[in-house]
Every structure is written in C-alpha cells, then in structure tokens.
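In this text the structure is predicted, and so the values were computed from the model without any measurement.
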There are 2 protein chains.
Amino acid sequence: MVTTSNKSERVPSDKVNSRVERSRHTVLTTAFELLSEGGVTSFTVDEVARRSGVAKTTIYRHWPTREALVIDACSRMIAEQETPDTGSLEGDVTAILMEIAHLLPTANWSFVLPSIVDTAERNPEFAEIHSRIQRGHAAPLREVLQRAVGRGELSAHADVSTIVAALLGPLFYRRWFSREPIDDQFVKEIIKRVLASL
Amino acid sequence: MVTTSNKSERVPSDKVNSRVERSRHTVLTTAFELLSEGGVTSFTVDEVARRSGVAKTTIYRHWPTREALVIDACSRMIAEQETPDTGSLEGDVTAILMEIAHLLPTANWSFVLPSIVDTAERNPEFAEIHSRIQRGHAAPLREVLQRAVGRGELSAHADVSTIVAALLGPLFYRRWFSREPIDDQFVKEIIKRVLASL
DNA sequence: ATGATACGATACGGTATCGTAGCGTTTAAT
DNA sequence: ATTAAACGCTACGATACCGTATCGTATCAT
C-alpha cells in the first residue's frame, strides 16, 4: 500500500515526459512564439490552438483563462544573464552592456517588452511580471557595482540605482524611443562617460 | 455671382464654429481622453460615441476607419516644449530635463506612449507618429547643444545624438522600466555626470 | 485487461467590436 | 420659407474571441 502510494508520487523528471507535461510544454512554446510576433494584444487562445495542434479544450484544462496563459508565457521571458568577473569594474560593465546591446535588436523579449510595459501601466499582475523582468536585467549590473564597492574601486556612497539608470537608460532609449542603431562605439561612449564621472 | 462664390470660400476662423468642426473637435477630445486612459488597445469607436454624445455614424462620416481616428488623436499628442535660453549649457539642459521630469509622472502622453511604442513595433504608420513625437521631445535638447557648440562651450566633434541619449535615456528608463520615482536630485546627478564628461 | 485520466473534435452560447443602412430630424445658408 | 448638408437613432450583418459542453478516443498505470 505504502509502496504503491510512493510510486504515484513521482519525481519531477518522471513528469516531464508525461502527457500533461508534453501538452503544457507545446502550448507554452507556441504561446511564447505568438507573443513575440504580435505582443500581448493580438494574442488569442484560438491561434495558439491552431498553431500548436493542441485542442483549445485541452488548453483550458491547463490554464483557467487566457490571461493566465499569457502571464505564464511572459514569465518564461525573464533573461537569465550571467554575471561576468573580469577583475575590473570597466571590464565587467563592458561585458554586460555589450551583451545587452547585441540582444536588443534580435532577442524575442525585446519585441514583447513594450507590450508588457504598456499592459503593466494599468494591470497590477503585469506590473509584477514587468518588475521581475526588470530586476533580471539590472541584477548583473548591480552585482558588479557592489563588487567594485567591495574592492574599493567605487565609493561606498555611490548611488548604484542612479548608475544603473545612467548605463541602461541610453541603450533602452535607442532601442525603443529614438530607434537608432546601437553600435559598439555608442556603448563604449556611454560606459566611458558614466565611469569617468565616478 | 462672384460675390456669392467668394462667400462660400470661407476663411478657417469661420469654419471653426461650423457644425462639422464642432463634431470633429468633440470627438477628437474624447478620443484623446480615452487613449490616455486605456491606450491604443482598448480604444473603441463605440465608447467614443457613448462618451462624446456624437453618434457613431457621424464619427464614421469624418474618419473612414477606427485606425484613422486613433492616428489623428495620437497626432495631437506631440509635445510642444519651448526651448529655454539661460546663457549656459548647463542652465538650458537643467531647465529642459526638469520640465520633462515633472511631466513624466503626470502628463497624459506619458500614459499613451508605451502603447504607441508597442504598436509602432509592428505598424509603420504608428512608427511614423512615434518618430515625430520622439523628435519633438529631443528637439529642444538638440538645439541647446548646438547653441553650445556655436558658443564654443562644447566641442564641434561632440556627438549630439549620443549626449541626448545619455540625458533622456535615464529619465525614460525610470519612468517606464525601473518605475522608480524621478526626483530633482536624480536629474541633477545625471546632468552633472554627463556634462562633466564633455 | 481494465479503469482512470487526459486528449481531440465539434459545436455552441455569449459578448464585443467594426463598419453600414435606412430614415427621420436639426442646422444653417440662401 | 426652402433646401441641402450634416447629424442622431436604431438596427443590422459580419467577424472574432472567450470559455464551456458533449462525446468519442487515446494514453497510461496497475
């Protein structure tokens, strides 16, 4: 009895290949793809069903509502950027910003983000997601700045939050507002100017 | 005959109070208000009709399609900011950024802009509007920077476009991405750091 | 093998929205 | 006063979506 009971409490690795998990995965992949193309607005459950091949009824067996699915798909968008450790603040910052600069014109999330920003403006749930995504982007930068403080390379009074805005702001500005290209020269200019003023 | 013909060729000031122009104005005002509240997505012609009191059929007599009305309403959003002239570059830049900083949390356009940015990502017509709005925001800054070059206060080799991004980027970043408050201290910090590096 | 669970297909009901038709009424110019 | 243009009202047709119901089929553990 106990043995039987234990067998039905499967470990996660078992569940991955179960039928439910296959469906979940297929739907989420398609949902994310759809979000990247049209943003939150034009996202429909019917289209997910059409593209994924998973029946709409099955989708509603997994997610209670359209919004739940959108939120779930958006959550998979949080960038897992790794923090470099070159030994110097300038080296670390350059590594981070260069990677972001290269991702901005191509990565899927850069096409969805405006949509999330807009939705977050009036929807608390999306505001929460947006907040998590944002923290994900800023985290590596905050970490290398803190490390620089630890090494004495940066004053302990330095306002990390301001510096992050001074570094990321110009890049984001070019991607979504002025829509100018973000070349390496530009990134280096920004870094040089911001770090010079510390 | 000629006199009669001339009378029908009215001057614009006459037209302002005509019935058509009254309708146009009422509808556009309501449309803009609606856009400010819900963004481009939740904007519906039916709601404009309900709120404005103008019949939906009349609205469609003026604008061929919903999109045309949205675009027309968005176009009225272009900020008409005046360029200061304090004599020094720092004074001018401070005046401009302080005004923007105070508008960012309150002005109607700041609630609609994410919506336009998102739509512009996939719609050329909105990309054009967005471009005009953007140029409107950056124009005063570009002008005072050019003036500073003329006075010799700024090197002729200075990349104006980069400096604009370095100044506006952090403010926009805080408004729409990190969602942190934008206090005067922050604005002054940004200005100080950017101008110090010139 | 058998039963439980998940899935697929189709068809709905309900709602929102776009854009139009028809027709009577108001406005405003002559 | 007459008349043309603009407006309001109601009612549509068409479409797209959400979310559910029904029922038959496939999967999978035991």
Decide whether a cation-pi geometry holds between Arg174(A) and Phe186(A); the criteria are a distance under 6.0 Å from NZ or CZ to the six-membered ring centre and an angle within 45° of the ring axis. yes
Check if the side chain of Lys56(B) and the base of dG8(D) share a donor-acceptor pair of N or O atoms closer than 3.5 Å. no
Does the cation-pi check pass for Arg175(B) over Phe111(B), that is, NZ or CZ under 6.0 Å from the six-membered ring centre and within 45° of its axis? yes
Check the distance between dC7(C)'s P and Arg24(A)'s CZ and give it to me in whole angstrom. 11 Å
Please pick, from dC17(D), dT22(D), dG8(D), the nucleotide with the shortest atom-to-atom distance to any side-chain atom of Thr57(A). dT22(D)
In whole Å, what is the span from the CD atom of Glu21(B) to the C1' atom of dT27(C)? 15 Å
Proximity to the side chain of Arg19(A) - top-ranked nucleotide from dT5(C), dG8(C), dC9(D): dT5(C)
Just to verify, what does Arg193(B) make a side-chain hydrogen bond (donor to acceptor under 3.5 Å, both in side chains) with, not counting sequence neighbours? Ser197(A), Glu189(B)
Where the side chain of Val45(A) is defined as all heavy atoms beyond and including C-beta, which of dC7(C), dC18(D), dG8(C) is the nearest nucleotide? dC18(D)
Atom-pair distance (CD1 on Ile59(A); C1' on dA9(C)), nearest Å: 13 Å
So, Arg51(A) and Glu33(A), do they make that salt bridge, N to O below 4.0 Å? yes
Is any side-chain nitrogen or oxygen of Thr58(A) closer than 4.0 Å to OP1 or OP2 of dG8(C)? yes
Would you call the rings of Trp109(B) and Trp176(B) parallel, tilted or perpendicular, taking 30° and 60° as the class edges? tilted
Could you check whether Asp184(A) pairs with Lys188(A) (Lys NZ or Arg NE/NH1/NH2 to Asp/Glu carboxylate O, under 4.0 Å)? no
Rounded to the nearest 0.5 angstrom, the CG-CG distance for Leu145(A) and Asp92(A) is 9.0 Å
Between Asp46(B) and Val54(A), whichever has its closest DNA chain C nucleotide further toward 5' is Val54(A)
Between dC7(D), dG8(D), dA9(C), which one does the side chain of Ser23(B) approach most closely? dC7(D)
Which of residues 60-71 of chain B have a heavy atom under 4.0 Å from DNA chain C? Tyr60(B), Thr65(B), Arg66(B)
Specify the separation, in whole Å, of atom CZ of Phe43(B) and atom P of dG19(C). 11 Å
Here the distance between atom C1' of dA26(D) and atom CZ of Arg22(A), to the nearest Å, is 11 Å
